[in-house]
Amino acid sequence: MAQLFKRWSNYVPLILVVVAMLGLATVIGFFSYFGSPRFTDVGYAPQQPVPYSHALHAGDLGMDCRYCHHAIEAAPHANLPPTQTCMNCHEILLPESSRLMPVRESWSTGLPIAWNRIHLLPDYAYFNHSAHLHAGVGCSSCHGLITRMAVVAQAEPLSMGWCLACHRHPESSLRPAGEITSMVWKPDADQARFAAVIMKQNKIAPPQDCSGCHR
């Protein structure tokens with residue numbers, strides 16, 4: 001009696017299993033990347049009510065981050081500058097510029113400028129901005145090269161995995177206290193030795209357990 005199925009049909013179950021596994025791996029890989037903060041959040045640059053250029057102010061003019069964000073070394077959250085900070089200069093510089101109309105309106109009404117937040121962590125994640133600066137983590141480690149951004153965009157994913165990677169190996173992110181806001185500072189050949197001294201001296205031991213960030 002002739003066989004109902006060809007010999008090659010014996011491999012059909014194996015082929016189906018391989019195809020299913022490849023399909024599952026493709027789906028997991030797709031959502032792992034396209035659903036991750038590295039794809040969905042990095043590059044996020046919302047339009048702001050005032051076309052403020054960090055490339056001009058912090059880059060060309062060399063303004064220190066702390067002039068506008070004056071509370072970053074003392075407060076758990078980085079502050080947005082009040083209108084008074086803008087008017088310290090623009091009461092004299094470009095006082096009639098149409099681009100600065102929202103600033104002048106805020107100054108006359110007393111209502112704050114409605115800036116759109118860019119770096120937003122979930123409510124269940126605790127992050128202390130000042131603690132990281134005091135440990136020696138520079139602004140560019142999280143915010144990128146702000147001095148080159150005419151429009152600020154999120155430079156890093158700020159995901160749990162990204163944060164944990166730094167907590168496990170913070171050496172490359174640590175720098176001298178006087179270089180915290182510098183965008184041109186780079187670690188040298190003695191970075192590992194410098195980081196070891198700083199970590200021991202300042203008792204830097206980033207938490208890696210859940211309670212470190214989820215309180």
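Note that the numbering runs from 1 along the sequence shown for the chain.
- Summarising the geometry of R104 relative to L94, their closest heavy-atom pair is NH1-O, 4.2 Å, with the distance given to 0.1 Å.
- The shortest non-hydrogen separation linking E156 to C142 is CG-O, 3.6 Å.
- Checking side-chain atoms of N79 against main-chain N and O of A71 turns up a donor-acceptor pair under 3.5 Å.
- Using a distance-only test at 3.5 Å, with no hydrogens or angles considered, no donor-acceptor pair links the side chain of R193 to the main chain of A195.
- One finds the CZ atom of F30 at 8.0 Å from the CZ atom of F39 (value rounded to the nearest 0.5 Å).
- Put simply, the side chain of H167 gets close to the backbone of P207: a donor and an acceptor are under 3.5 Å apart.
- A donor-acceptor pair under 3.5 Å links the side-chain atoms of R175 to the main chain of S182, judged by distance alone.
- If you take OG1 on T147 and CG on L61, they are separated by 12.0 Å, rounding to the nearest 0.5 Å.
- Taking hydrophobic clusters as Ile, Leu, Val, Met, Phe, Trp and Tyr residues chained together by side-chain heavy-atom distances below 4.5 Å, M87 shares a cluster with L80.
- L16 CG: more than 12 foreign heavy atoms inside a 6.0 Å radius.
- Residues L158 and F127 fail the side-chain proximity criterion, which asks for heavy atoms closer than 4.5 Å.
- Note: C166 SG to E171 CD = 9.0 Å, rounded to the nearest 0.5 Å.
- Closest non-hydrogen pair, T83 versus S106, comes out as OG1-OG, 2.6 Å.
- Here the side chain of H214 pairs a donor or acceptor atom with the backbone of Y124 at under 3.5 angstrom.
- Here the side chains of H119 and Q154 are in contact, with some heavy-atom distance below 4.5 Å.
- There is no path of hydrophobic side-chain contacts, each under 4.5 Å, that joins V42 to Y44.
- In the hydrophobic clustering of ILVMFWY residues, with side-chain heavy atoms under 4.5 Å counting as a link, Y52 and L100 come out together.
- Proximity of M160 to P122: side-chain heavy atoms (C-beta onward) are nowhere separated by under 4.5 Å.
- One N or O on the side chain of H134 and one on the backbone of E73 form a donor-acceptor pair closer than 3.5 Å.
- Remark: the backbone N or O of L164 is not paired with any side-chain donor or acceptor of Q208 at under 3.5 angstrom.
- Heavy-atom minimum distance, W115 versus P81: NE1-O, 4.3 Å.
- Under the 4.5 Å side-chain contact rule for hydrophobic residues, V19 and Y11 share a cluster.
- By the neighbour-count criterion of 12 heavy atoms within 6.0 Å, atom CZ of F34 is densely surrounded, having more than that number from other residues, nucleotides or ligands.
- H169 places no side-chain N or O within donor-acceptor distance of the main-chain N or O of A165, the cut-off being under 3.5 Å.
- Within the 4.5 Å cutoff, side-chain heavy atoms of E91 are placed close to those of W107.
- The shortest side-chain heavy-atom distance between W185 and S140 does not fall under the 4.5 Å cut-off.
- For Q47, the CD atom is loosely surrounded, since the number of other residues' heavy atoms within 6.0 Å does not exceed 12.
- Side-chain contact between P176 and F194 is present, with heavy atoms from C-beta onward closer than 4.5 Å.
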Q | Working for side-chain contact (heavy atoms from CB on, under 4.5 Å), residues Q48 and I118 | A | CA-CA 10 Å; Q48 300 292 353; I118 301 171; 3.8 Å; yes
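- In this structure, NE2 on H132 lies 11.5 Å from CD1 on I180, to the nearest 0.5 angstrom.
- Residue D188 comes nearest to D190 through the heavy atom pair OD1-N, 2.9 Å, listed as atom of the first residue, atom of the second, then distance.
- Under the 3.5 Å distance criterion, the side-chain polar atoms of Q191 are matched with a main-chain donor or acceptor of L174.
- Side-chain atoms of P157 and D41, non-hydrogen and from C-beta on, never get closer than 4.5 Å to each other.
- The two residues I113 and P49 make their nearest non-hydrogen contact at CG2-CG, 3.6 Å.
- Panel note: side chain N202, backbone I204; no donor-acceptor pair is recorded below 3.5 Å.
- Under the 4.5 Å side-chain heavy-atom criterion for Ile, Leu, Val, Met, Phe, Trp and Tyr, I146 and M63 are members of distinct hydrophobic clusters.
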